[in-house]
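Both counts, for ligands and for their atoms, begin at 1 and track the order of listing.
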Amino acid sequence: MRIDASLAILASLSGVAAFWRLECRGRLAIARLDPLISPGTASLHAHAIHGSSGFNAAATYEDLRNGDCTSCAVTQDMSAYWAPTLYFKHANGSYEEVQQIGGMLAYYMLNKDLKDINKQITAFPNNFRMIAGDSTRRNYSVTGGYSVFEADPPKSRWAEFQQVNQHDLAQRATGFNCLNYNVAAEGALMRHYLPDKAYLDAHCSEGVRFEIAFPSCWNGVDVSTPNHKSHVAYPDLVLNGNCPEGFDVKLPTLMYETIWATHAFNSVPGEFVISNGDTQGFGYHADFMSGWDSEFLQAAVNQCTNLTGRIQDCPLFDVISEDQQRQCKMAAPAILTSEKVTGIIGDSLPGGVVIQYGPEPATGGSNAHTVPVSVAVPTVSYTPGTTASEGNYLPGGVFKESPTSTSVSSSTSSSVSSLSSSAEAEVNALAEPSPSPTPTPIPSDPPVPEGYDLVRTDYVTNGNVVSKIVVIETVEYVVMTTEVVTVTATPEVNKVRRDVHLHHHRHHHGLH
Ligand SMILES: *[C@@H]1O[C@H](CO)[C@@H](O)[C@H](O)[C@H]1NC(C)=O
Ligand SMILES: *[C@@H]1O[C@H](CO)[C@@H](O)[C@H](O)[C@H]1NC(C)=O
Ligand SMILES: *[C@@H]1O[C@H](CO)[C@@H](O)[C@H](O)[C@H]1NC(C)=O
């Protein structure tokens with residue numbers, strides 16, 4: 001009841017950002033293929049590949065459109081999604097595949113360009129391609145010398161710190177989310193490095209979720225460019241905000257999430273290595289080739305705005321079962337059939353990729369000589385869910401599902417019933433952005449309904465607006481937009497329950 005009421009209120013506001021969680025439960029293959037970077041040949045490192053079975057070493061838009069099936073949930077989506085895989089290097093030097101849990105999730109967020117929120121979102125044109133991240137990067141270096149082990153400053157101050165250039169934004173577009181379902185969830189895109197083995201062993205009892213967001217501001221001309229990057233740019237808050245000059249066409253904001261079962265190696269000596277020879281995650285990257293028909297996608301962007309984020313709630317989408325998604329596979333090309341990419345794979349990464357610790361850029365090729373230098377060790381642990389999620393608390397609940405959930409939201413005033421007026425106040429506040437953030441009174445708690453426990457309280461800061469999200473029981477999906485605060489909860493039981501650990505939620509959350 002309460003959920004429906006909140007949704008109804010939020011839906012009536014202008015500028016609410018809708019999104020879809022496009023599941024890809026199936027994986028076409030793990031293979032050294034990358035039609036963008038290494039067309040027609042084996043690529044440098046292995047990727048987990050999802051989407052259209054038309055994918056191949058030199059795949060074109062037509063190939064993707066002509067695929068027989070897709071490993072993702074929506075039949076009209078014949079796109080290809082790929083990103084590096086994760087391996088574990090045992091103390092004896094053998095590499096072993098780390099299991100990917102639940103496939104992959106592509107978020108399509110319909111976030112507007114804050115400069116002009118009346119401007120519509122434009123669908124990816126046919127044959128659109130892009131890459132997020134840089135495989136050769138081996139350090140974190142943002143303006144002002146922030147350490148990667150510090151939490152990001154509040155988004156409202158990035159411009160002041162001159163951290164809204166594309167280099168800095170790209171480094172803040174990755175996240176390595178430590179999963180432990182017995183404590184409050186971390187915010188998405190919060191930690192920009194893969195924690196080391198000791199930290200993972202101690203804290204991340206359900207693995208690590210790799211997250212990467214793509215640029216969503218387009219130059220409106222090129223479907224791609226030679227580096228598959230120059231035609232697009234990040235808005236100044238990564239997932240939302242203002243598009244830079246010359247990139248005035250706003251695309252859907254794409255973000256991938258994959259979960260890796262690092263916990264299967266708990267207390268086994270060794271280290272985790274991403275397939276491109278990166279142990280710290282600075283070189284994590286992802287590729288996208290749109291396989292949508294752009295007219296269809298535009299219709300979906302315009303019409304599929306249900307705030308649940310469920311693809312089933314979009315009447316245009318034909319959704320297939322998880323089994324059907326998993327059945328969709330692709331054959332490895334002849335040059336790769338003998339290459340071992342799963343299980344124990346031997347004493348080198350696929351393609352002979354060597355580990356390069358940086359901080360200088362990786363030389364990229366296989367068998368490059370490198371002397372391991374000491375790797376920085378995290379000095380700061382993130383506290384789940386609170387300040388580090390400022391302005392950036394995303395759904396992120398990828399495959400985490402629980403039987404019942406309810407959430408209550410309040411913005412600057414207090415209870416759910418006043419949400420409408422306070423959300424309007426936020427929209428007004430955004431219309432006149434204040435140059436320096438003024439402290440805003442912390443909103444008071446909405447009442448916790450009888451029979452529920454308070455799970456946690458999150459504060460989300462955006463400009464001079466502080467919003468408070470109070471979570472009772474288990475929150476499923478909390479969506480933060482720059483325009484308004486949107487809190488949605490999936491009202492019904494989701495089919496797949498991935499983990500029995502979820503049972504702990506009700507009573508084991510700490511109070512904050
Ligand atoms: C290295 O250790 C792993 C884990 O115990 C084992 O599976 C693998 O066979 C070992 N490799 C060699 C070459 O002994
Ligand atoms: C959104 O989807 C839910 C089902 O999950 C449905 O009950 C509701 O009516 C939909 N809302 C709109 C605005 O279509
Ligand atoms: C850090 O990485 C960037 C991008 O790869 C590179 O240009 C820079 O030289 C690196 N810094 C150091 C100290 O190696």
For ligand 3, find each of its N or O atoms that sits under 3.5 Å from a protein N or O atom, and tabulate the pairs with distances to one decimal place.
| from | atom 1 | to | atom 2 | distance (Å) |
| --- | --- | --- | --- | --- |
| ligand 3 | 2 (O) | Asn139 | OD1 | 3.1 |
| ligand 3 | 2 (O) | Asn139 | ND2 | 2.3 |
| ligand 3 | 11 (N) | Asn139 | ND2 | 2.9 |
| ligand 3 | 14 (O) | Pro359 | O | 3.3 |
| ligand 3 | 14 (O) | Glu360 | N | 3.3 |

Inset, instruction - State whether the shortest distance between N or O atoms of Asn92 and N or O atoms of ligand 1 falls below 3.5 angstrom. - result: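 Yes: some nitrogen or oxygen of Asn92 is under 3.5 Å from one in ligand 1.
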Inset, instruction - Could you list the atoms of ligand 1 found under 4.0 angstrom from a heavy atom of Ser94? - result: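 Reading through ligand 1 atom by atom, the close ones are 1 (C), 10 (C), 11 (N), 12 (C), 13 (C).
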Legend entry - Thr70 side chain reached by Asp77 side chain, heavy atoms, under 4.5 Å: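 They are not in contact (no side-chain heavy atoms under 4.5 Å apart), so the answer is no.
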Inset, instruction - Report the part of Ile344 in contact with ligand 1, treating N, CA, C, O as backbone and CB onward as side chain, heavy atoms under 4.0 Å; options are side chain, backbone, both, neither. - result: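 It is the side chain that touches ligand 1; the backbone stays farther off.
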Legend entry - side chain to side chain donor-acceptor pair (under 3.5 Å) partners of Gln99, counting only residues at least two apart: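 Partners of Gln99 under the side chain to side chain donor-acceptor pair (under 3.5 Å) test: Glu97.
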Inset, instruction - Identify, with sequence neighbours excluded, every residue that meets side-chain contact (heavy atoms from CB on, under 4.5 Å) alongside Gln100. - result: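 For Gln100 the side-chain contact (heavy atoms from CB on, under 4.5 Å) partners, ignoring immediate neighbours, are Arg27, Ala48, His50, Met104, Thr258, Trp260.
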Inset, instruction - Apply side-chain contact (heavy atoms from CB on, under 4.5 Å) to Asn227 and list each qualifying residue two or more places apart in sequence or on a separate chain. - result: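 With neighbours one apart ignored, the set is Thr225, Lys229, Ser230.
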Inset, instruction - Give yes if a backbone or side-chain nitrogen or oxygen of Thr308 is under 3.5 Å from a nitrogen or oxygen of ligand 2, and no if not. - result: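 Checking ligand 2 against Thr308, no N or O pair falls under 3.5 Å apart.
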Inset, instruction - Say whether Ser321 and Asp323, considering side chains only, have a donor N or O and an acceptor N or O under 3.5 Å apart. - result: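 No donor-acceptor contact under 3.5 Å links the two side chains.
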Legend entry - Flag for Ser216-Asn111: side-chain donor and acceptor within less than 3.5 Å: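 Not at all, the side chains of Asn111 and Ser216 share no donor-acceptor pair under 3.5 Å.
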Legend entry - Full working for side-chain hydrogen bond (donor to acceptor under 3.5 Å, both in side chains) between Gln76 and Asp318: CA-CA 7 Å; Gln76 290 93 349; Asp318 292 326; 3.0 Å; yes
Inset, instruction - Evaluate ring pair (Phe, Tyr, Trp, His ring centres under 6.0 Å) for Tyr256 paired with Phe214, printing each intermediate quantity in order. - result: CA-CA 9 Å; Tyr256 298 176; Phe214 284 80; 4.8 Å; yes
Inset, instruction - Pull out every atom of ligand 2 sitting under 4.0 Å from any heavy atom of Asp313, numbered as shown with elements. - result: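 Heavy-atom distances to Asp313 below 4.0 Å select 2 (O), 3 (C), 4 (C), 5 (O).
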